Structure formats: structure tokens, C-alpha cells
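Working notes, beginning with the structure itself.
Values below: every heavy atom of this structure, side chains too, minus hydrogens, waters and symmetry copies. Computed from a prediction, not measured in an experiment: that's the story for all the values here. Counting starts at 1 for both ligands and their atoms, following the listed order.
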Amino acid sequence: MKIKSAVFDVSAPDLSSCPRSSLPEFAFIGRSNVGKSSLINMLSERRELAKVSVTPGKTRLLNFFLINGAWRLVDLPGYGYARVAQTQRREFNEAVAAYLEGRKTLSRVFVLIDSRLPPQRIDLEFVQWLAGVATPFALVFTKLDKSGAAQAAENIAAFKRAIAPLCPEPPPAFTTSSKTRLGRTELLAFIGESLTPAR
Ligand code: GDP
């Protein structure tokens with residue numbers, strides 16, 4: 001898929017403020033610093049696109065971008081900010097939970113995982129929650145250019161093993177680098193195929 005246009009659409013503080021639309025949505029989420037902004041910029045080829053999401057006051061909002069006038073890319077707030085020891089409190093915000101559980105036009109959520117790290121509890125818990133609410137998701141391993149290839153492969157395999165008991169069907173998985181653009185073609189092709197399902 002070629003990206004012909006990518007424009008900021010709207011920021012929403014909650015599910016009811018999300019754009020009224022029948023366009024399919026593809027959302028991106030991950031721990032803060034996982035490389036989400038870099039990936040969104042790499043995919044859209046707009047260096048400044050995800051900057052909108054980090055402007056003051058917008059980091060806790062759901063940020064919508066219109067791509068090719070045909071689908072929406074949704075930049076969700078990162079999780080892992082509000083860690084509260086000894087509580088059951090969700091480590092991502094209520095608006096995100098409501099969106100992921102209830103958004104009719106959500107086609108797929110891409111969960112970003114840092115390939116440099118062994119499986120992290122917070123990522124595993126998030127995937128467990130997502131599998132529980134039956135939202136379609138895919139894994140996107142980031143920063144493949146950084147750690148040694150063998151280390152990254154080991155971390156990725158360990159993550160897949162860890163979530164296997166949670167997922168009856170293994171989710172699609174992509175390996176990416178915003179530096180080398182690894183995975184860009186594959187991710188965009190995957191989105192493209194979801195837009196025009198094979199008959
Ligand atoms: P966000 O907080 O998830 O939006 O993460 P950012 O996109 O801001 O990236 C966090 C840090 O990781 C920044 O210093 C980026 O330059 C770096 N980074 C992000 N993606 C990559 C990547 O693919 N390769 C390398 N080497 N660094 C990356």
C-alpha cells in the first residue's frame with residue numbers, strides 16, 4: 001500500500017468523543033518508549049505525524065489520523081505510566097480500555113513489543129487482557145536493528161511462547177525497525193489486505 005495522504009484528524013478523551021465513522025481503524029499501543037511514535041512516522045512517511053500525540057495535553061488522548069482517506073490510524077496512549085503497587089488498577093487508561101472493548105470500527109490493534117528485552121510482565125498482562133476481551137490484535141516487535149539478531153530472536157521466541165497459552169490462534173507477528181524501515185512493506189500490506197478482504 002502506498003501512503004498518499006496522512007493527516008491528523010482528531011484527539012479524543014473518551015470513546016464517545018471518537019470520530020463518528022465507518023472507516024476501519026488500526027490502532028497502535030505499547031509501553032512508553034517502545035518506539036511507537038517512530039514506527040507511526042516510519043509507516044506514514046510523515047516525520048512529524050506522531051508528534052501531535054506527544055504535544056502537551058495530548059499524551060493521554062486517543063489520537064486519530066486519516067490515511068489515504070480510507071482508514072484511520074489510531075495512536076493510543078502508552079501504558080505503564082500509572083503503576084500503583086498493591087492495587088488491581090489497570091495500567092492503561094479507562095478510555096483506552098473502553099475503545100479496545102467497544103469500538104465497532106476497530107479492525108486490528110498492533111501491540112508494540114521491544115525486541116531488545118525479554119518478555120516484560122506489563123506487556124504479557126496487556127496481551128492477556130486483550131485476548132480476554134477478544135479484540136483482534138497483532139504483535140509488532142520494534143528496534144530490530146539494535147540488539148544482536150540472536151538476542152532479538154530469542155526474546156521474540158520467548159514472548160510468543162509466553163502468550164501461547166493465552167491465544168488459541170497465534171496472533172500475526174511483525175519484526176520492525178524504524179531506523180532501517182524493516183517490516184514497513186509487510187505491515188502496510190497486512191493493513192491493505194484487511195481493507196480489501198479476499199473473496
Ligand atoms: P514512544 O515513546 O513509544 O513513542 O517511543 P519513540 O518513538 O519516541 O522512541 C523511543 C526511543 O527509541 C527514541 O530514542 C527513538 O529514537 C528510539 N527508537 C525508536 N524506534 C527505534 C528503532 O527502530 N531503532 C532504534 N535504533 N531506535 C529506535
Side-chain angles (χ1 to χ4, degrees), residues 3 6-13 25-65 67 72-83 90-93 95-97 99-100 106 108-127 129-130 137-160 171-191:
I3 303 293
V7 288
F8 172 67
D9 187 355
V10 72
S11 296
E25 290 170 359
F26 296 84
F28 292 78
I29 192 166
R31 231 162 20 93
S32 113
N33 226 32
V34 70
K36 181 165 55 82
S37 310
S38 306
L39 184 81
I40 289 172
N41 291 336
M42 183 270 267
L43 288 176
S44 62
E45 285 180 321
R46 305 294 186 280
R47 211 177 292 170
E48 304 294 297
L49 199 68
K51 226 181 180 175
V52 175
S53 307
V54 295
T55 51
K58 295 218 163 164
T59 55
R60 307 286 295 163
L61 302 177
L62 292 71
N63 294 302
F64 292 78
F65 302 88
I67 312 291
R72 282 195 168 87
L73 185 157
V74 187
D75 187 0
L76 297 174
Y79 52 78
Y81 294 115
R83 184 165 296 195
R90 283 212 191 99
E91 295 184 58
F92 54 103
N93 73 36
V96 173
Y99 173 85
L100 292 173
L106 176 60
R108 182 75 61 167
V109 55
F110 293 105
V111 182
L112 275 56
I113 308 288
D114 192 333
S115 71
R116 298 170 307 167
L117 307 174
Q120 302 288 294
R121 184 184 61 86
I122 190 164
D123 292 324
L124 295 172
E125 284 179 2
F126 180 70
V127 168
W129 178 84
L130 211 47
F137 70 97
L139 302 175
V140 176
F141 294 95
T142 63
K143 307 189 187 181
L144 261 292
D145 59 286
K146 263 199 154 176
S147 60
Q151 185 62 58
E154 197 179 312
N155 293 336
I156 291 169
F159 195 90
K160 289 179 178 172
F174 299 90
T175 45
T176 68
S177 162
S178 301
K179 273 233 164 103
T180 66
R181 297 159 64 89
L182 174 77
R184 182 176 188 273
T185 307
E186 291 79 3
L187 257 176
L188 290 178
F190 179 81
I191 292 173

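Note: Leu76 CG to Arg60 CZ = 11.5 Å, rounded to the nearest 0.5 Å. For the atom pair Ile67 CD1 and Asp9 CG, the distance stands at 9.5 Å (nearest 0.5 Å). Separation of atoms CZ (Arg108) and CZ (Phe137) is listed at 9.0 Å; rounding is to 0.5 Å. Atom CZ of Phe110 and atom CD1 of Ile29 lie 13.5 Å apart (nearest 0.5 Å).
In this structure, the side chain of Gln120 engages the main chain of Pro118 through a donor-acceptor pair within 3.5 Å.
Residue Ser178 has at least one nitrogen or oxygen atom sitting less than 3.5 Å from a nitrogen or oxygen atom of ligand 1, judged on distance alone. For a threshold of 3.5 Å applied to N or O pairs, the pair formed by Lys36 and ligand 1 contains at least one separation below that value. In terms of polar-atom proximity, defined here as any N/O pair under 3.5 Å, Leu144 makes no such contact with ligand 1.
Residue contact check: Ser177 has heavy atoms under 4.0 Å from atoms 23 (O) of ligand 1. Taking every heavy atom of Asp145 and a limit of under 4.0 angstrom, the matching atoms of ligand 1 come to 22 (C), 23 (O), 24 (N), 25 (C), 26 (N). Atoms of ligand 1 lying under 4.0 Å from any heavy atom of Lys179, numbered from 1 in the order shown and given with element: 23 (O), 24 (N), 25 (C), 26 (N). Contact atoms of ligand 1 toward Asn33: 1 (P), 2 (O), 3 (O), 5 (O), 10 (C), 11 (C) (distance under 4.0 Å to a heavy atom of the residue).
Heavy atoms of Gly78 come nearer than 4.0 angstrom to ligand 1 in no pair at all.
Comparing heavy-atom distances from atom 9 (O) of ligand 1 across Ser115, Gly35, Ser37, Ser32 singles out Gly35 as nearest. Of the listed options Gly183, Gly30, Ser38, Ser38 places a heavy atom closest to atom 7 (O) of ligand 1.
A donor-acceptor pair shorter than 3.5 Å can be found between the side chains of Glu25 and Tyr99.
Shortest non-hydrogen contact noted between Leu144 and Thr175 is CG-CB, 3.9 Å.
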